[in-house]
Amino acid sequence: MNQRREDTVTGPPAAIVWFRRDLRLADNPALRAARDAGMRIVPVYIHAHEEETPWAPGGASRWWLHHSLAALDRDLRRHGSGLVIRRGPSLEALRRLARETGAGAVHWNRLYEPAAIARDGAIKQTLRQDGLDAHSHNAALLFEPWALQTQSGGPYRVFTPFWKACLGLGLAENAAPPPEALALMAAESESLNTLGLLPQRPWADAFADHWQPGERGAQDALATFLDRAAADYAAGRDLPSERATSRLSPHLHFGEIGPRQIAAAAQAHMARSTDRGTFSGLETFLRELGWREFAHHLLFHFPQTSERSLDARFEAFPWTRDHASRLEAWQRGRTGIPLVDAGMRELWHTGWMHNRVRMVVASFLTKNLLTPWQAGARWFWDTLLDADLANNTLGWQWTAGCGADAAPYFRVFNPVLQGRKFDPQGRYLRRWLPELARLPDKDLHAPWEASAQTLQHAGIRLGRDYPNPLVDLAVSRKQALAAYQSIKTA
DNA sequence: TGAGTCTTGCA
DNA sequence: GCAAGACTC
């Protein structure tokens, strides 16, 4: 039945643009489609996190979302009218808003998590039955997950051939300029503050020192990266003490910038650049964008993998039986392994962790502590500002060795060696572990190996000022290899 | 997007 | 005595 209300609204017809994780005005296909159709646009965000169960946004993500919505509202107001905020259920909110505004169309950009796919599909069908034009678009990916397949017709499971296929298609096609003018239409709105997205505790107060959520912040991060860091990216990206990575991940998660925009800007920079280092650095950087695409490709085609290992043999993996206390020490950055603890504290205080260190802490939790990767994924989900189901799932399964194109089971990172290799002067460790700062560089990465005299001189009593190591790295490594052997041959 | 161990080659 | 490469887990 057609529920469009009688035509009491004068002027051109209206279209709802349903913002979700595409919180930008530039390169936004849903917004562009509504605008190009000559519609007045009702921009809405619907608060309905329960619809994303069991992966409703974690605490850090909600902090970012609050500020990103505030930024989008400011940007929209410059075009005449702010963001409309409503509460879910999403379907009911869209229907009510359509009735109120007389809108005849609804546009949105697609999400790729299993829960969102199911919800959005049902909503699209129902809205069309209502007589509304409901359309979804691609703003979040370079390529739709179903647009790429292997020679034999299935999804890719190995990164390198996947990325070659992407490069063959061209990365930066179809990136659009920002809309010049938007005809916006106002509607009744909740206040952003009533959504309760900000944490009650003062935990997130320092996040604002490190981040600027919103489209402007995303563009600034990209420009800064291309101007200053790109030339050093190939070497600098592995050094956690340096600010050599793009730090675009939370912006990308919330769609404040799209991968096509990033690819286009990087390729333009490469074309202008005469410096070989910049060129290869940006090539490496684009490859990281490729891992993000690959993660979404995998989650789309293997939707159970956010919960279960892709490699079914891991159903029988002998994780340690009582991991609660080990998990807590890891979460709090009190394992007694400096690089692990530094990373976990960086995460807690800034909502982010350097990628090299993410691999080390994840390897330590799953291999040295034999704790299920899902426990680590949950903690990252709640504490990372860039928490993204596809990326998080791929990262943890890759490290645990149970996913697609995973690190071989025997690849166990040694936090001491990784620290000495990638943080040789201990700048990163001293920043996050001030209690160890007075140790000489040599002993910083393994204080339990320092002489009693050195420890005393640095004012450190192990077990009191800083924990003794939770496990022996060599012994636990051997145990992990044995555990992996047991399922490999089973 | 490892690490441990052994061998080789050179000093 | 040790750096670099091969091989294994």
Side-chain angles (χ1 to χ4, degrees), chain A residues 156-164 166 232-242 244-249 280-295 297-298 310-311 313-314 317-318 337 339-340 343 352-370 373 376-377 380 386 388 390-424 428 445-446 449 469 471-490:
Chain A
Y156 283 94
R157 289 166 169 265
V158 182
F159 174 72
T160 302
F162 171 84
W163 187 230
K164 279 184 181 161
C166 291
D232 302 322
Y233 183 76
R237 74 195 200 103
D238 274 324
L239 308 179
S241 61
E242 305 297 312
T245 63
S246 74
R247 300 170 65 89
L248 280 165
S249 53
S280 70
L282 286 173
E283 226 166 26
T284 307
F285 169 67
L286 286 173
R287 206 177 151 80
E288 295 302 308
L289 211 55
W291 277 98
R292 175 181 178 278
E293 289 286 314
F294 188 48
H297 182 81
L298 288 172
L310 182 64
D311 183 339
R313 292 175 301 181
F314 277 77
F317 189 83
I337 311 292
L339 186 57
V340 173
W352 188 82
M353 194 194 304
H354 189 279
N355 187 54
R356 168 66 45 185
V357 189
R358 291 189 198 198
M359 293 190 283
V360 171
V361 303
S363 168
F364 184 74
L365 184 72
T366 56
K367 297 187 171 174
N368 299 90
L369 298 185
L370 286 177
W373 63 266
F380 271 26
D386 63 28
D388 180 278
N391 291 334
N392 203 38
T393 300
L394 179 143
W396 278 95
Q397 292 218 29
W398 183 89
T399 309
C402 60
D405 202 12
Y409 74 94
F410 48 77
R411 190 174 288 165
V412 180
F413 287 77
N414 180 326
V416 176
L417 298 182
Q418 289 282 312
R420 285 181 179 147
K421 188 170 175 185
F422 296 112
D423 189 33
Y428 180 74
H445 298 279
E449 288 175 358
V471 292
D472 180 283
L473 292 176
V475 171
S476 57
R477 176 178 180 274
K478 281 186 185 147
Q479 286 171 342
L481 292 179
Y484 279 82
Q485 282 285 6
S486 76
I487 62 161
K488 201 178 145 213
T489 54

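Letters A, B, ... are given to chains in the order of the sequence lines, protein chains preceding strands, and every chain is numbered from 1.
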* **Listed partners of A:A390 passing side-chain contact (heavy atoms from CB on, under 4.5 Å), at least two apart** => A:A295, A:H296, A:L299, A:D388
* Results of side-chain contact (heavy atoms from CB on, under 4.5 Å) for A:E293 - residues two or more places apart only ->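 For A:E293, the residues satisfying side-chain contact (heavy atoms from CB on, under 4.5 Å) (neighbours in sequence not counted) are A:L141, A:L142, A:F143, A:F162, A:P259.
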* Examine distances only and state if a side-chain atom of A:D405 and a backbone atom of A:F159 form a donor-acceptor pair shorter than 3.5 Å. =>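 Yes, because the side chain of A:D405 sits within donor-acceptor range (under 3.5 Å) of the backbone of A:F159.
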* **Any N/O donor-acceptor pair, A:W291 side-chain to B:dT1 base, under 3.5 Å** => yes
Could you list the protein-to-nucleotides 6-9 of chain C atom pairs, N/O on both sides, closer than 3.5 Å?
none

* To do: Assess the pair A:Y484 and A:F314: is the distance between their ring centroids shorter than 6.0 Å?
  => yes
How many whole angstroms separate atom [atom1] of [X] from atom [atom2] of [N]?
X: A:N414; N: B:dT5; atom1: CG; atom2: P; value: 12 Å
X: A:L473; N: B:dG4; atom1: CG; atom2: C1'; value: 14 Å
X: A:L339; N: B:dG2; atom1: CG; atom2: P; value: 13 Å
X: A:F294; N: B:dT1; atom1: CZ; atom2: C1'; value: 14 Å
X: A:F422; N: B:dG2; atom1: CZ; atom2: C1'; value: 10 Å
X: A:L286; N: B:dT1; atom1: CG; atom2: C1'; value: 17 Å
X: A:M359; N: B:dA3; atom1: CE; atom2: P; value: 11 Å
X: A:R420; N: B:dA3; atom1: CZ; atom2: P; value: 12 Å

For a quick test of your reading: what N or O donor-acceptor pairs under 3.5 Å do the side chains of residues 473-481 of chain A make, sequence neighbours left out?
{"residue": "A:S476", "atom": "OG", "partner": "A:N368", "partner atom": "ND2", "Å": "2.9"}
{"residue": "A:S476", "atom": "OG", "partner": "A:D472", "partner atom": "O", "Å": "2.8"}
{"residue": "A:S476", "atom": "OG", "partner": "A:L473", "partner atom": "O", "Å": "3.3"}

* Check whether any side-chain nitrogen or oxygen of A:Q418 sits under 4.0 Å from OP1 or OP2 of B:dT1, and answer yes or no. =>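 Answer no for this pair, as no side-chain N or O of A:Q418 is under 4.0 Å from OP1 or OP2.
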* B:dG2 phosphate, OP1 or OP2, under 4.0 Å from A:R356 side-chain N/O -> yes
* To do: Sort and list the pairs that fulfil salt bridge (Lys or Arg N to Asp or Glu O under 4.0 Å) and have at least one residue in residues 232-242 of chain A, not counting sequence neighbours.
  =>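 For residues 232-242 of chain A: A:R237-A:E288, A:D238-A:R356, A:E242-A:R427.
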* **Pairs satisfying salt bridge (Lys or Arg N to Asp or Glu O under 4.0 Å), at least one member in residues 357-370 of chain A, at least two apart** => A:R358-A:D386
